[in-house]
Undergrad: 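Starting off with a structure, shown below.
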Amino acid sequence: MSLRFEHETLPQRVRFGAGEAAAALAEEVERLGGGRVMVLAGRPEAEVAARVTAELPVVHHHDEVVMHVPVPVAERARAAAAEHDADVLVSVGGGSTTGLAKAVALTTGLPVVAVPTTYAGSEATNVWGRTDDGAKTTGVDPRVLPRAVVYDASLLVSLPVDLAVASGLNAMAHCVDSMWAPRTDPIDAALATEGIRALAAGLPRIVEDPTGVAGHEQALYGAYLAAVAFSSAGSGLHHKICHVLGGRYDLPHAPTHAVVLPHVLALNGPAAPEAERRIAEAFGSDTALDGLQALRARLDAPRALRDHGLAEDVLDDAAAAVLPAVPPSNPAPVTIDTLRHLLRQAWEGADPR
Ligand code: NAD
């Protein structure tokens, strides 16, 4: 069979090195000609942000960060950037903080340098998101892609283990869903396969030794690959489901991904033999689902949506909301009954096998 595909590689510099954030950040800001830096970091990350930006020409520290970027929060950050005449944005934090910097970049065109402190992966995508009175909107724009990313695994050792696990499984979901997402191609599949391998190696080490850098380093590398694959491949069934759950019922982002993933893999794996083979190989297991479930057991991963705030009586509403968003390219056929069953299983925390 001939190989034919189109793949777009996004233009971005990546620096990777534990303990090197401050030095790498200074070089990246200088490379952009930054003389007036606005630092975005939530209050919990203020100390680490102050440390890694100490050498920069900072004109403003902005600490109002809210998950899913509510419009008024984005407006205030944009106003602050204008008021302080910032020429470079530096974000230090998880997906919520990166998302805020992207919101400012979207309307101002200011370049972003991202210093991620979770495995969310937003830093490697050109996707922005915002919420307006609870309704979540996303879009794609080249202006929001950070010009450079500074990965420093030593900044992630402060993550509580449950947060690291959920966030790492969010990255795992980027890899797995990339295998059958609408624009997937062989490059995405290769990146996602290596991402799964690295995450499966790193996450158990984090659980065994949460403050050791080694596990975080592997997981962070995997999370970057995951995000690059996801950015190119687009949202598959898994992300469509989680988008509805997060936006409509305000569920926490990373744990929702962690719970839903095995149920989508159980549905799609048997209908996507090439993806199934690749995922199983990356886990070093007999089947893809066995590999994922063995990892989840080692990590004591989030198991049931009911534990994360989803009410039982919205399951039918959720299934109906997901149905129109199901990608036509999904390998397994999906009906309203498929979704009702999947969501109930995920809500209960049932074994998907
Ligand atoms: P988050 O950024 O909200 O962070 C979760 C919590 O972790 C926060 O309380 C934060 O203070 C804390 N935290 C972050 N880093 C820490 C560290 N090193 N040590 C201790 N605590 C730390 O959550 P997230 O899961 O990183 O990001 C979720 C958001 O990102 C969602 O809004 C999601 O939609 C978005 N996202 C967007 C994209 C994209 O491509 N646009 C991709 C992935 C995620």
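The residues of the chain are indexed from 1 along the displayed sequence. In this text, all values refer to a predicted model and were calculated from it rather than measured experimentally. One-based numbering, in listed order, for ligands and for the atoms of each.
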Undergrad: Give yes if a backbone or side-chain nitrogen or oxygen of W128 is under 3.5 Å from a nitrogen or oxygen of ligand 1, and no if not.
TA: no
Undergrad: With heavy atoms under 4.0 Å as the rule, classify the contact between H68 and ligand 1 as side chain, backbone, both or neither.
TA: both
Undergrad: Is it true that a side-chain atom of R340 and a backbone atom of A319 form a donor plus acceptor pair closer than 3.5 Å?
TA: no
Undergrad: Got the closest protein heavy atom to atom 43 (C) of ligand 1, with its distance?
TA: A120 O, 3.2 Å
Undergrad: Determine, counting only non-hydrogen atoms of the protein, whether one lies under 4.0 angstrom from atom 9 (O) of ligand 1.
TA: no
Undergrad: Considering only heavy atoms, does L163 approach ligand 1 within less than 4.0 Å through its side chain, its backbone, both, or neither?
TA: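 It is the side chain that gets close, since no backbone atom is under 4.0 Å.
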Undergrad: At a 4.0 Å threshold, what atoms of ligand 1 neighbour a non-hydrogen atom of T125?
TA: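 In order of number, 39 (C), 40 (O), 41 (N).
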Undergrad: If you take the nearest heavy atom of each of G95, A124, S167, which one is closest to atom 30 (O) of ligand 1?
TA: G95
Undergrad: Under 3.5 Å between some N or O of ligand 1 and some N or O of S158?
TA: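 Looking only at distances, the answer is yes, because the N/O contact criterion of under 3.5 Å is met.
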Undergrad: Is there a nitrogen or oxygen of P44 sitting under 3.5 Å from a nitrogen or oxygen of ligand 1?
TA: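 No, P44 has no N/O under 3.5 Å of an N/O on ligand 1.
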Undergrad: When you compare ligand 1 with N170, is there at least one nitrogen or oxygen pair between them that comes in under 3.5 angstrom?
TA: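 Between N170 and ligand 1, no N or O pair is found under 3.5 Å apart.
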Undergrad: Side chain, backbone, both or neither: which part of K136 has a heavy atom under 4.0 Å from ligand 1?
TA: side chain
Undergrad: Would L163 end up clustered with V165 when hydrophobic side chains under 4.5 Å apart are linked, directly or stepwise?
TA: yes
Undergrad: If only side-chain N and O atoms count, and only distance matters, is there a donor-acceptor pair under 3.5 Å linking E217 with Y151?
TA: no
Undergrad: Using a strict 4.0 Å threshold on nitrogen-to-oxygen distance, state whether R278 and E281 make a salt bridge.
TA: no
Undergrad: Determine whether the side chain, the backbone, both or neither of L159 has a heavy atom under 4.0 Å from any heavy atom of ligand 1.
TA: both
Undergrad: For atom 15 (N) of ligand 1, what's the nearest protein heavy-atom neighbour? Residue, atom name and distance, please.
TA: T117 OG1, 2.7 Å
Undergrad: Assess whether a salt bridge exists between R36 and D87, defined as any Lys/Arg side-chain N lying under 4.0 Å from an Asp/Glu carboxylate O.
TA: no
Undergrad: Among all protein heavy atoms in this structure, tell me which lies nearest to atom 44 (C) of ligand 1, with the distance rounded to 0.1 Å.
TA: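 Here the nearest protein heavy atom works out to H253 NE2, 3.6 Å.
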Undergrad: Any ion pair linking R15 and D152 (charged N to carboxylate O, less than 4.0 Å)?
TA: no
Undergrad: Give me the residue, atom name and distance of the protein heavy atom closest to atom 26 (O) of ligand 1.
TA: T118 OG1, 2.6 Å
Undergrad: Strictly distance-based, threshold 3.5 Å: is any side-chain N or O of S167 a donor or acceptor partner for the main-chain N or O of Y119?
TA: yes
Undergrad: Out of all atoms in ligand 1, which are within 4.0 Å of some heavy atom of G94? Include the element for each.
TA: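 Counting from 1, the qualifying ligand atoms are 2 (O), 26 (O).
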Undergrad: Give me the residue, atom name and distance of the protein heavy atom closest to atom 38 (C) of ligand 1.
TA: S122 CB, 3.4 Å
Undergrad: So H174 and F230, would you call those rings parallel, tilted or perpendicular, with 30° and 60° as cut-offs?
TA: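 Parallel.
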Undergrad: Checking the side chain of D188 only, and the main-chain atoms of S178 only, is there a donor and an acceptor separated by less than 3.5 Å?
TA: no
Undergrad: For R51, is there an ion pair with E47 - N to carboxylate O distance below 4.0 angstrom?
TA: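 Judged by the 4.0 Å cut-off on N to carboxylate O distance, E47 and R51 do not form a salt bridge.
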Undergrad: Return a yes/no value for V127: is any of its N or O atoms, backbone included, closer than 3.5 angstrom to an N or O of ligand 1?
TA: yes
Undergrad: Which protein non-hydrogen atom lies closest to atom 13 (N) of ligand 1, naming both residue and atom, and how far is it?
TA: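 For this ligand atom, the closest protein heavy atom is E45 OE2, 3.3 Å.
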Undergrad: Angle between ring planes, H253 versus H68, binned at 30° and 60°: parallel, tilted or perpendicular?
TA: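 Ring orientation, 0 to 90° scale: perpendicular.
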Undergrad: Measure the distances from the heavy atoms of R43 to every atom of ligand 1 and state whether one is below 4.0 angstrom.
TA: no
Undergrad: Nearest protein heavy atom to atom 1 (P) of ligand 1, by residue and atom, and its distance?
TA: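 So the nearest neighbour among protein heavy atoms is S96 OG, 3.4 Å.
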Undergrad: Any carboxylate oxygen within less than 4.0 angstrom of a Lys/Arg side-chain nitrogen, looking at R76 and E83?
TA: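 Result for this pair is no, no salt bridge flagged.
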Undergrad: Checking T53 side chain against L56 main chain: does a donor-acceptor pair fall under 3.5 Å?
TA: no
Undergrad: Say whether L155, considering both its backbone and side-chain N or O atoms, lies within less than 3.5 Å of an N or O atom on ligand 1.
TA: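 Yes: some nitrogen or oxygen of L155 is under 3.5 Å from one in ligand 1.
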